[in-house]
Amino acid sequence: MRVKKKGKAFTLLEMLIVLALLGTLIVTCSMKGLEYLKFYKESNATKEYRRTLQLFSEYAQLENISFVVNFEQKNGKTWVKMDEKEGLSEKIFSSKILYFEKKIKEKKICFHADGSREILDQEYE
C-alpha cells in the first residue's frame, strides 16, 4: 500500500499540466500580438502613404507645376520613383530613398498644378 505524504509539493503530472497550459497561453498571446503588430504596421504605412500623396499635391500647387510619380513594387514594399522627364527631379527631396512598407495598387500618379492628382496607371486585383 502506498502512503501519501502530507507535503504541499506538486506531483510530476500536475507540473506537466501547468507547463502545458502556460505554453498554450504564451503561444496564443504571442500570435495575437503578432497579428496586432502587423495591423499596426499596415495602418502606419497607409497613413504615411496618404501624407506623402498630400505632400506631393501641395508641392505641385506651391510650385505651380505638374509632375508624375512612379511606384515600383519590390520585396513587399512600394518604392517611389520620380521621373525627371515627366516634370520632377529627385534632387528637390533631401531623401533619395522613399518607400512604403506596403504594396499599393497605383503604379503612376500625376500631380497637377491645382493640387489635384490623377491615377495614370493602376494595378487591378
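Keep in mind that the numbers below use all heavy atoms, side chains included, and drop hydrogens, waters and symmetry copies. Along the sequence shown, the residues carry numbers beginning at 1.
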Suppose we screen for side-chain hydrogen bond (donor to acceptor under 3.5 Å, both in side chains). Which residues come up paired with Glu118, at least two apart in sequence or across chains? His112

Nearest-0.5 Å distance that lies between atom OG in Ser57 and atom CG in Asp114: 9.0 Å

Using the side-chain hydrogen bond (donor to acceptor under 3.5 Å, both in side chains) criterion, which residues pair with Glu58? Sequence neighbours excluded. Gln54

Can you check side chain to side chain contact (heavy atoms under 4.5 Å, CB included) on Phe56 and Thr52, steps first, answer last? CA-CA 6 Å; Phe56 284 144; Thr52 303; 3.6 Å; yes

Aromatic ring pairing Tyr36/Tyr40, orientation class (parallel under 30°, perpendicular over 60°, tilted between): parallel

Nearest 0.5 Å please: distance from the CZ atom of Phe39 over to the CG atom of Asn44. 10.0 Å

Which pairs of donor and acceptor atoms, one on a side chain in residues 18-28, lie under 3.5 Å apart (sequence neighbours left out)?
{"unit_1": "Thr24", "atom_1": "OG1", "unit_2": "Ala20", "atom_2": "O", "d": "2.8"}
{"unit_1": "Thr28", "atom_1": "OG1", "unit_2": "Thr24", "atom_2": "O", "d": "2.8"}

Can you see which heavy atom on Leu53 is nearest to which on Arg117, and at what distance? O-NH1, 3.6 Å

Rounded to the nearest 0.5 Å, the CD atom of Glu35 sits from the OG atom of Ser30 at a distance of 10.0 Å

All heavy atoms of Lys108 vs all of Asn70, minimum pair found to be CE-OD1, 2.8 Å

